[in-house]
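All values derive from a computational prediction rather than experimental measurement. Chain letters run A, B, ... following the sequence lines, proteins first and then strands; every chain starts at 1.
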Number of protein chains: 2
Amino acid sequence: MDQDLMTIREMCEAFDVTPRTLRFYEAKELISPFREGQKRLYSRRDRGRLKLILRGKRFGFALEEMRQLLNLYDRGDQKGEQLKRTIEAARERLAQMEQQRDELTEAIDELRAQLESGAEMLAAFRPAAE
Amino acid sequence: MDQDLMTIREMCEAFDVTPRTLRFYEAKELISPFREGQKRLYSRRDRGRLKLILRGKRFGFALEEMRQLLNLYDRGDQKGEQLKRTIEAARERLAQMEQQRDELTEAIDELRAQLESGAEMLAAFRPAAE
DNA sequence: GTCTCGACTTACGTTAACGTCAAGTTTTCT
DNA sequence: AGAAAACTTGACGTTAACGTAAGTCGAGAC
């Protein structure tokens, strides 16, 4: 790792993503590496952002949402309103995730019930008979 | 409801789906209503299948999966192998759903932790600093 | 000089489950 | 009969996050 700049290949290995992904994120303005001639060079800042993006993905944030959050952050306002918005967004996402989980849990229970009632599973998959 | 046959509109109201959806399912060979001239007429059997399809969707089955399950069922073999396969498919789906839920639960806990640690939320969204 | 390697750009392909016209036909109402 | 309703069949549009192929280019290796 030269003076803290990395090539696209190094980035891919470090974060386990494909070059396509990095270029895609760049096209979506989530990251903006330097150029040395044609080649992309990723700075520490880029790595920080990518890390956040990937973390956001684990939380189920869409790329567009992450872009907005990162931009909010960048605009400074470190100690004020913007931060609240970030937290607010996270809170909303959390609520969504919980609801999603609850719905899933319901479906699981239903399906499990069908299965546990043994032959009654058939009933679940039997078109109404005469 | 004439002699147990329903028009597309009646079906839509009964099951709360759009005509497009019914035609789409037909194109995908999930349902096959009769024709009276041009018009589709849905029988009891069609309604049964549609009901199963919608139920399957709640369980997270893809339409293609439901088509296969329905076909398996139709092939008769009521008391034999085919049924086991249906149950098998359901069991697999259940496992998938549980895993999905667990992953979601993990992400929720992580995110909640970030939020609960108050200002540390910032850390989560802060690019690595000097 | 030429080969090869990695990186680059451009742009179409993928998947699911329909939505949304557009345009034609048929049925129903008046 | 004539218009409005309801039905029909295409067929393209949508969304997300990349995959994949095609063709180009500069830098070393030989």
Side-chain angles (χ1 to χ4, degrees), chain A residues 1-2 5-43 46 49-70 93 96-97 100 103 107, chain B residues 1-2 5-43 46 49-70 93 96-97 100 103 107:
Chain A
M1 45 181 169
D2 280 32
L5 288 181
M6 289 168 65
T7 72
I8 197 170
R9 190 57 58 182
E10 293 170 330
M11 287 291 282
C12 290
E13 280 165 28
F15 292 93
D16 191 36
V17 294
T18 70
R20 179 69 180 92
T21 297
L22 292 180
R23 297 193 190 107
F24 181 73
Y25 289 170
E26 187 177 340
K28 290 286 178 180
E29 300 188 287
L30 285 159
I31 306 182
S32 31
F34 298 65
R35 291 306 180 96
E36 186 181 79
Q38 278 280 60
K39 295 174 182 175
R40 292 170 172 78
L41 286 182
Y42 297 83
S43 70
D46 294 317
R49 291 177 70 101
L50 178 56
K51 190 173 175 184
L52 292 181
I53 292 165
L54 297 179
R55 181 180 305 180
K57 287 199 64 174
R58 292 222 322 288
F59 292 160
F61 282 93
L63 292 183
E64 173 57 20
E65 294 180 284
M66 283 310 293
R67 192 182 64 79
Q68 290 176 25
L69 291 180
L70 287 172
R93 189 89 259 283
Q96 282 175 37
M97 289 164 75
Q100 194 184 332
E103 284 170 11
Chain B
M1 44 178 170
D2 279 32
L5 288 181
M6 288 169 65
T7 71
I8 199 171
R9 191 55 60 181
E10 292 170 329
M11 287 291 283
C12 290
E13 281 166 28
F15 292 92
D16 191 37
V17 294
T18 70
R20 180 68 180 92
T21 298
L22 293 180
R23 297 191 189 109
F24 181 73
Y25 288 171
E26 188 177 340
K28 291 286 179 181
E29 301 186 289
L30 285 161
I31 307 182
S32 31
F34 298 64
R35 291 308 181 93
E36 185 181 83
Q38 279 281 59
K39 293 175 182 173
R40 292 169 171 78
L41 284 182
Y42 297 85
S43 70
D46 295 317
R49 291 177 70 101
L50 178 56
K51 191 173 174 183
L52 292 181
I53 293 164
L54 298 179
R55 182 179 305 181
K57 287 199 62 174
R58 293 220 322 288
F59 291 159
F61 282 92
L63 292 184
E64 174 57 19
E65 294 181 286
M66 284 308 295
R67 191 182 66 77
Q68 290 176 24
L69 292 180
L70 287 171
R93 188 89 257 286
Q96 281 176 37
M97 289 166 75
Q100 194 184 330
E103 283 171 12

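A donor-acceptor contact shorter than 3.5 Å links the side chain of A:E65 to the backbone of A:A62. Proximity of a side-chain donor or acceptor of B:E13 to a complementary backbone N or O of B:E10 within less than 3.5 Å is not detected.
For DNA chain D, the contact window with chain A, defined by any atom under 4.0 Å from a protein heavy atom, covers D:dA17 to D:dT20 in 5' to 3' order.
Atom CD of A:Q38 and atom C1' of C:dT9 are 8 Å apart (whole Å). Spacing between atom OH of A:Y42 and atom C1' of C:dC8 amounts to 11 Å, rounded to whole angstrom units. Atom pair B:L30:CG and C:dC18:C1' shows a separation of 13 Å (rounding to whole Å applied). Distance CD (B:E64) to P (C:dC18): 14 Å, rounded to an integer number of Å. Per the geometry, CE belonging to A:M11 stands 15 Å off C1' belonging to C:dA7, to the nearest Å. Atom CD1 of B:I31 is separated from atom P of C:dC18 by 11 Å (rounded to the nearest Å).
Between B:A107 and A:M97, the closest heavy-atom pair is CB-CE, 3.5 Å.
Each of A:L63 and A:R20 was assigned the nucleotide of DNA chain D with the nearest heavy atom; the assignment lying further toward the 5' end belongs to A:L63. Summary of the strand contacts: B:G37 and B:A62 both lie near DNA chain C, and taking for each the nucleotide with the nearest heavy atom, the more 5' one is attributed to B:A62. Taking for each of A:I8 and B:K28 the nucleotide of DNA chain C with the nearest heavy atom, the 5'-most of the two is the partner of A:I8.
Residue A:R9 is classed as a sugar-phosphate contact, given heavy-atom separations below 4.0 Å to backbone atoms only.
Contact check, A:R40 against C:dT9: a side-chain N or O comes under 4.0 Å of OP1 or OP2. Within the 4.0 Å cut-off from OP1 or OP2 of C:dG6, not a single side-chain nitrogen or oxygen of A:T7 is found.
Residues forming a side-chain hydrogen bond (donor to acceptor under 3.5 Å, both in side chains) with B:R20 (at least two apart in sequence, or on another chain): none.
Salt-bridge annotation for B:R35 and B:E26: present, with a side-chain N of the basic residue lying under 4.0 Å from a carboxylate O of the acidic one.
More than 12 heavy atoms of other residues, nucleotides or ligands shown are found within 6.0 angstrom of CD on B:E64.
Considering CE of A:M6 and CG of A:L50, their distance stands at 9.5 Å, rounded to 0.5 Å.
Distances from the side chain of B:K39 to the nucleotides C:dA7, C:dT27, C:dC18 place C:dT27 closest.
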